[in-house]
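Data first, discussion second: the structure below is written as structure tokens.
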Amino acid sequence: MSEEKESLNFIEHIIEDDLSSTHGIDDLRFRFPPEPNGYLHIGHASSICLNFGLGLKYDAPVNLRFDDTNPAKEEQEFVDAIKTDIEWLGFKWAEERYASDYFQQLYDWAVQLIKDGKAYVDSQTSIAIAEQKGTPTSPGTNSPFRNRPIEESLELFEQMKNGTAAEGAHVLRAKIDMSSGNMLMRDPVMYRSLHKSHHRTGTDWKIFPMYDWTHGESDYIEQVTHSFCTLEFLPHRELYNWFLDQVYSNDKIRPKQREFARRNLSHTVVSKRKLARLVEEGVVTGWDDPRMPTISGLRRRGYTPASIRNFADSIGVGKRENLIDVSHLEYNIREDLNKKADRVMVVLDPVKLVIDNYPEGETEWLEAENNQEDENAGSRQVPFSKNLFIERNDFKEEANRKYFRLSLGREVRLKNGYIIKGESVVKDAEGNITEIHCTYDPDSKSGSGTEASMRKVKGTLHWVSAEHALPVEVRLYDRLFTEASPDTHKEKDFMEFINPNSLEVITGYAEPSLKELRPEDKVQFQRLGYFVVDKDSTSNSIIFNRTVPLRDSWKKIAED
RNA sequence: UGGCCCAUGGUGUAAUUGGUAACACUCCGGUUUUUGGUGCCGUCAUUCAAGGUUCGAGUCCUUGUGGGCCAACCA
């Protein structure tokens, strides 16, 4: 147990302050409140990690509450997908709740508000109501129905509820202040009538509560102490509190809403509408395309739950606008996989390498360490023979001092194998290299302990035996957008910044051990990057998705 | 035009609540290495600006500048 002084973010400061004044540690309760109208993305992941992380830190319950007040947009399919994603991230909710569980209570409270003269039925069109709302700089005007008799409001509200009134003919509004500086306080709509089937309540209800009327009261019903949301809800806080005042009993916990800045990731977009466009216009293959910033997309890309959680924790939380560079995310997946992923050899851009002094037709099984970062990872056997494949860019006929790879007259080590020396090349009519010939030092076998095997050579190459090679499909993914912040340009549509090279599909040649892998298995292609087996793989054709390349300090030197 | 929120290195956060700028990422050097990976070491800010209060200000006050949010029967 270390006693290091940890620094707190502003959310934790709020909780600590409450803990030292008004709240007991056992009072604490949080919630994650998604609307089931789409798939969760990396932004939600941050919020999930924040709320559930707080639950873990304070040993407090965290409810999963679906904010399902709009039957026009919400579906069971999304409920299921959201639950799957949260579980995959590794979090457990205390209780699964739905705002629709509270429709009756909300209705009863609303009736009471009407009776108290604090709410009224407005029978105007939405356009008229919008016009009377005023603007941020000018006050609104009262609805002609604002002072309609309580009995009349009660009766109309009843008709709305029963569906005997036409859909959309009336709304219930809170009677607050049409001249408030806060637009949300200008008699906000509490209920609208919608004659649509709801994914849970079916056709029982013809009226549905609005977000503001629902959210705070739901927090109150669940006795949530801290209701964290993003900054754009800050103006809603006044209304959140006003609604709470109408039902609050002071022997109960009074929830408080506090706001944090949503965390934006560079080189992607995250709004549901924009993500939907990427799917609809065929830029990606679906919501779980490995280039999508959805949780399911990241999962298919090869990201681990731990890497996403560590990412969320490490970027912290604040109140200012931000744009977090994807390199933060990439760092976290590399860090996680570096410890967990077995190293394997796969050649992506092959050129034939012939070892002239190696016996024809012989196969030698070499021992290869699975992961030098993990002592318990064990080892495997890799076939070696006279004819190999190496990467085309691992050879140059002539090279300068900075080039550590194979060239004529120079030596390199074949990983887990022998030291070889470049001897000659064979070219086709166009001058392309079709074959490289080399000789090997039979005493230099890796791990043999001989003096020759201990020799230091500058370069080490990965390789694969040509006759044993397993062809695999490899999908090389890159960032989806060429711009750090594609959707904040005033004049340009985010679609203009799509990276035309975000996916390249090639055939790679893998060492035979890879045929044992299953979907979602993650490996490091030695010297290349981290890859994951895609779910589209079949028993006789394996597909790999590139999660992220290894850092490459050679690339920069080579470009000079 | 009004109200509210925000402002710390290239990026994201921190600073014992007024005590002399910390952590991570990136970048660039160096070192280790049978992955040009990993690891290790090092360089990169006086805190938007100008005033003020104070022995002392990133923390408090004033003004300015810049950015964000606010007019859905969405959440």
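Only a predicted model underlies this, so the values are computations on that prediction, with no experimental measurement involved. All chains are named by letter (A, B, ...) in the order of the sequence lines, taking the proteins before the strands, and each is independently numbered beginning at 1.
Between Y509(A) and F389(A), the two ring planes are tilted [angle within 30° to 60°].
When the side-chain nitrogen and oxygen atoms of Y331(A) are compared with OP1 and OP2 of C25(B), one or more of them lie within a distance under 4.0 Å. Distances shown here put a side-chain N or O of K456(A) below 4.0 Å from the OP1 or OP2 atom of U34(B). Proximity of R65(A) to the phosphate of A75(B): no side-chain N or O atom is located under 4.0 Å from OP1 or OP2. Residue S314(A) places no side-chain N or O under 4.0 Å from the OP1 or OP2 atom of C23(B).
Stacking between Y211(A) and the base of A75(B) is absent under the criterion of ring centres within 5.5 Å and planes under 30 degrees.
The ring-ring contact (aromatic ring centres under 6.0 Å, His included) with W213(A) is formed by just one residue from the set Y102(A), Y240(A), F243(A); it is F243(A). Tested against F384(A) for a ring-ring contact (aromatic ring centres under 6.0 Å, His included), the candidates W365(A), Y440(A), Y418(A) yield a single pass: Y418(A). For the salt bridge (Lys or Arg N to Asp or Glu O under 4.0 Å) with R380(A), the lone residue among E369(A), E367(A), E511(A) that qualifies is E511(A).
Counting only heavy atoms from C-beta on, L234(A) has its side chain closest to C4(B) among A75(B), C4(B), G12(B). Listed nucleotides: G36(B), U35(B), A75(B). Nearest to the side chain of Q526(A): U35(B). The side chain of R527(A) lies closest to U35(B), out of G68(B), U34(B), U35(B). Listed nucleotides G36(B), C6(B), C70(B) differ in distance to K319(A); the shortest reach to its side chain belongs to C6(B). Closest to the K490(A) side chain, of the nucleotides U34(B), G68(B), A75(B), is G68(B). Nearest to the side-chain atoms of R192(A) among the listed nucleotides G36(B), U26(B), C74(B) stands C74(B). Listed candidates were C73(B), G12(B), C5(B). Nearest to the side chain of V171(A) is C73(B). Considering only side-chain atoms of S327(A), the nucleotide from U34(B), A75(B), U26(B) that sits closest is U26(B). Side-chain proximity of K133(A) to the nucleotides A71(B), A24(B), C69(B) is greatest for A71(B). Each of C70(B), A75(B), G37(B) was ranked by its minimum atom distance to the side chain of N70(A); first place goes to A75(B).
Taking atom C1' in both G9(B) and A75(B), one finds a spacing of 37 Å when rounded to whole Å. Using C1' as the reference atom, C70(B) and C74(B) are 15 Å apart when rounded to the nearest Å. Taking atom P on both U43(B) and G2(B), the two are 48 Å apart, rounded to the nearest angstrom. Spacing of C1' atoms, G19(B) relative to A57(B), comes out at 10 Å, to the nearest Å. For the P atoms, the distance linking A50(B) with C44(B) amounts to 23 Å, nearest Å. C61(B) and A21(B) have their P atoms separated by 23 Å, with the value rounded to a whole Å. Nucleotides U62(B) and C6(B) are separated by 14 Å at their P atoms, to the nearest Å. Between the C1' atoms of C27(B) and G10(B), the separation comes to 8 Å (whole Å).
L113(A) places none of its side-chain heavy atoms less than 4.5 Å from the side chain of L172(A).
When both distances must be under 3.5 Å, the Watson-Crick or G-U wobble mate of C28(B) is G42(B). Across the strands present, G12(B) finds its partner in C23(B); the criterion is a Watson-Crick or G-U wobble pair with both atom distances under 3.5 angstrom. Using the Watson-Crick or G-U wobble rule with both distances under 3.5 Å, G66(B) pairs with C6(B). Figure legend. A72(B) is base-paired to no nucleotide; pairs are counted as Watson-Crick or G-U wobble with both atom distances under 3.5 Å.
The number of heavy-atom neighbours closer than 6.0 Å to NZ of K57(A), taken from other residues, nucleotides and ligands shown, is above 12.
Here E330(A) lies out of heavy-atom contact (under 4.0 Å) with every strand. Residue contacts shown for E12(A) are absent, as no nucleic acid heavy atom lies under 4.0 Å away. Residue-level contact check: F525(A) touches neither bases nor backbone, having no heavy atom under 4.0 Å from any strand. Residue G447(A) is in base contact, counting any heavy-atom pair closer than 4.0 Å across all strands shown. The residue N9(A) sits close only to the backbone: its heavy atoms come under 4.0 Å of sugar-phosphate atoms, none of a base. Here R405(A) lies in heavy-atom contact (under 4.0 Å) with a base. Contact annotation for T125(A): base contact, defined as any heavy-atom pair under 4.0 Å involving a base atom. Heavy atoms of L184(A) sit nowhere under 4.0 angstrom from any nucleic acid atom. Among the atoms of the strands shown, base atoms are found under 4.0 Å from some heavy atom of F233(A). At the heavy-atom level, S553(A) lies under 4.0 Å from the strands shown only through sugar-phosphate atoms. L323(A) comes within 4.0 angstrom of sugar-phosphate atoms only, judged by non-hydrogen atoms across all strands, and of no base. Looking at heavy-atom distances under 4.0 Å, R551(A) makes contact with sugar-phosphate atoms alone, never a base. Counting non-hydrogen atoms under 4.0 angstrom, E131(A) reaches nothing in the nucleic acid. Across all strands, R343(A) comes closer than 4.0 Å to base atoms (heavy-atom distances).
No hydrogens or angles considered: nothing links the side chains of R309(A) and T304(A) as a donor-acceptor pair under 3.5 Å. Side-chain atoms of Y303(A) and E330(A) form no donor-acceptor pair, as typed in the model, at a separation below 3.5 Å. Side chain to side chain, E74(A) and N37(A) fail the donor-acceptor criterion of an N or O pair below 3.5 Å. No hydrogens or angles considered: a donor-acceptor pair under 3.5 Å links the side chains of D219(A) and S227(A).
With values rounded to the nearest 0.5 angstrom, E217(A) atom CD is found 6.5 Å from L106(A) atom CG. R262(A) CZ to C229(A) SG: the interatomic distance, rounded to the nearest 0.5 Å, is 13.5 Å.
Nearer to the 5' terminus of RNA chain B, by closest-nucleotide assignment, is the contact made by D325(A) (compared with the other of D325(A) and I129(A)).
Annotated as anti: U32(B), whose O4'-C1'-N torsion sits more than 90° from 0.
At a cut-off of 3.5 angstrom, the base of U34(B) holds at least one donor-acceptor pair with the side chain of S446(A). Between the side chain of H13(A) and the base of A14(B), no donor-acceptor pair of N or O atoms lies under 3.5 Å. Side-chain to base pairing of H462(A) with U35(B): no donor and acceptor N or O lie closer than 3.5 Å to each other. Judged by distance alone, with hydrogens and angles left aside, E373(A) brings a side-chain donor or acceptor within reach of the base of G37(B), the pair sitting under 3.5 Å.
Of the residues in residues 332-341 of chain A, N338(A) come within less than 4.0 Å of RNA chain B through at least one heavy atom, sorted by number.
One interatomic measurement links the two molecules: CD1 of I127(A) to P of A71(B), which rounds to 17 Å at whole-angstrom precision.
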